[in-house]
Amino acid sequence: MTYWEKLTALAAPYPALRPQLTAMAAVREALAEPRLPENALPPLGLAPDLFADLLAAHPDAYGQLVAVDHLLRNFRRACAFEYGMWAFVHEALFTQWQALFGPLRYLELAAGNGYVSAGLAAQGNRVIATDSFAWKQESETGRTPLLPVEALPAAAALHRYGDQVDAVVMAWSPDRDPNDVHVLQVLRAYFPHLKFFVIGERFGATDSRLFWQLAEFVPDKRLLALNRALGRFDAVNERIYLMR
């Protein structure tokens, strides 16, 4: 039984969960096409009050409710394994991004299936998407990119295209890969004028610990509105930063 089949079967007796399931289904349908979801997800899982209410109505369902809660809270992982989406970006986010930062020429590093690049390009920006594709040896989720992604390691992409863009984007760099530190060093040495957007969780699920220790945050009030548009739906505190 697949993740989705198991979740829908376990959650079926609980109408209160339908809004979450409907929002998740919309995301899943978009990724399957593939295209970007239209909107952010609501918080997923059984909040303490909701869990208590459901348990009061179904006193014999404690184990089932725990299982449903676990599946809801692991939707990001399910989408990552099936569709290669880790950073949960969506159309509404990029509409806000464009309104806040205007048209720019972007280079995305480690673009994966190109979800971020596709969102930026849909707003009319010129975007160059690159990825080393080293992860393809262990994953088959890169079969349907949303736009062409050039096979280039991050540092090589910077050297090739850094003088042709205004901003660099790096989303969900692996948390045990020191290449993000090398990216930071190359940007500082050769392209300090470029905006550097990083999408991930500080000292958490993404980027190496050394990267977060060495990177400097660029204060910009626009990021407050941008991260409100991004939203947060699970335990991962995924944010968009400007770094240098």
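Of the possible polar contacts, none joining the Arg77 side chain to the Cys79 backbone as a donor-acceptor pair under 3.5 Å is found. Glu201 places a side-chain N or O within 3.5 Å of a backbone atom of Asn237 that can act as its donor or acceptor partner. Between the side chain of Gln20 and the main chain of Pro42, no donor-acceptor pair closer than 3.5 Å is present. With Asp177 contributing its side chain and Asn179 its backbone, the two residues share a donor-acceptor pair below 3.5 Å. For Tyr3 (side chain) and Leu71 (main-chain N/O), a donor-acceptor pair under 3.5 Å exists by modelled atom type. Checked by atom type and distance alone, the side chain of Arg76 pairs as donor or acceptor with a backbone atom of Trp86 at under 3.5 Å. Using modelled atom types, no side-chain atom of Glu238 and backbone atom of Ile199 make a donor-acceptor pair closer than 3.5 Å.
Under the 4.5 Å side-chain criterion, counting only non-hydrogen atoms from C-beta, Pro37 is in contact with Met85. Using a 4.5 Å heavy-atom threshold, the side chains of Phe88 and Phe75 count as touching. For the pair Met243 and Leu187, the minimum side-chain heavy-atom distance is 4.5 Å or more. Counting heavy atoms from C-beta on, the side chains of Val181 and Ser208 come closer than 4.5 Å. Residues Phe196 and Val218 fail the side-chain proximity criterion, which asks for heavy atoms closer than 4.5 Å. Annotation: side chain of Phe51 is in contact with side chain of Leu65 (closest heavy-atom distance under 4.5 Å). At least one side-chain heavy atom of Ile128 sits less than 4.5 Å from a side-chain heavy atom of Leu107. By the 4.5 Å heavy-atom criterion applied to side chains, Val165 and Tyr106 are not counted as neighbours.
Closest of all the heavy-atom pairs between Asn125 and Leu104 is OD1-N, 3.0 Å. Across all their heavy atoms, Ala167 and Leu194 have their closest contact at N-CD2, 4.3 Å.
Ring pair Phe197/Phe101 is perpendicular by interplanar angle, where above 60° counts as perpendicular and below 30° as parallel.
For residues 149-163, the side chain to side chain donor-acceptor pair (under 3.5 Å) pairs, not counting sequence neighbours, are Glu150-Arg160, Glu150-Tyr161. Legend: salt bridge (Lys or Arg N to Asp or Glu O under 4.0 Å) pairs involving residues 48-63, not counting sequence neighbours: none detected. Residue pairs meeting the salt bridge (Lys or Arg N to Asp or Glu O under 4.0 Å) criterion with at least one member in residues 91-111, sequence neighbours excluded: Arg105-Asp166.
Evaluation of the ring pair (Phe, Tyr, Trp, His ring centres under 6.0 Å) rule for His58 yields Tyr14 as partners, not counting sequence neighbours. Qualifying side-chain contact (heavy atoms from CB on, under 4.5 Å) partners for Phe203, counting only residues two or more places apart in sequence or in other chains: Arg209, Trp212, Gln213.
Here Gln123 contributes atom CD and Thr95 contributes atom OG1; the two are 4.5 Å apart, rounded to the nearest 0.5 Å. Here the CZ-CG distance, from Phe94 to Leu120, works out to 5.0 Å after rounding to the nearest 0.5 Å.
The hydrophobic clustering, which links ILVMFWY residues whose side-chain heavy atoms are closer than 4.5 Å, places Val169 and Leu158 apart. Taking hydrophobic clusters as Ile, Leu, Val, Met, Phe, Trp and Tyr residues chained together by side-chain heavy-atom distances below 4.5 Å, Leu50 shares a cluster with Leu21.
Atom CZ of Arg35 is surrounded by more than 12 heavy atoms from other residues, nucleotides or ligands within 6.0 Å. Annotation: Phe217, atom CZ; neighbour count of heavy atoms from other residues, nucleotides and ligands within 6.0 Å is above 12.
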Which atom pairs, one a donor and one an acceptor, fall under 3.5 Å between side chains of residues 223-230 and the rest of the protein, sequence neighbours left out?
residue : atom : partner : partner atom : Å
Asn227  : OD1  : Ile240  : N            : 2.7
Asn227  : ND2  : Leu223  : O            : 3.0
Asn227  : ND2  : Ile240  : O            : 3.1

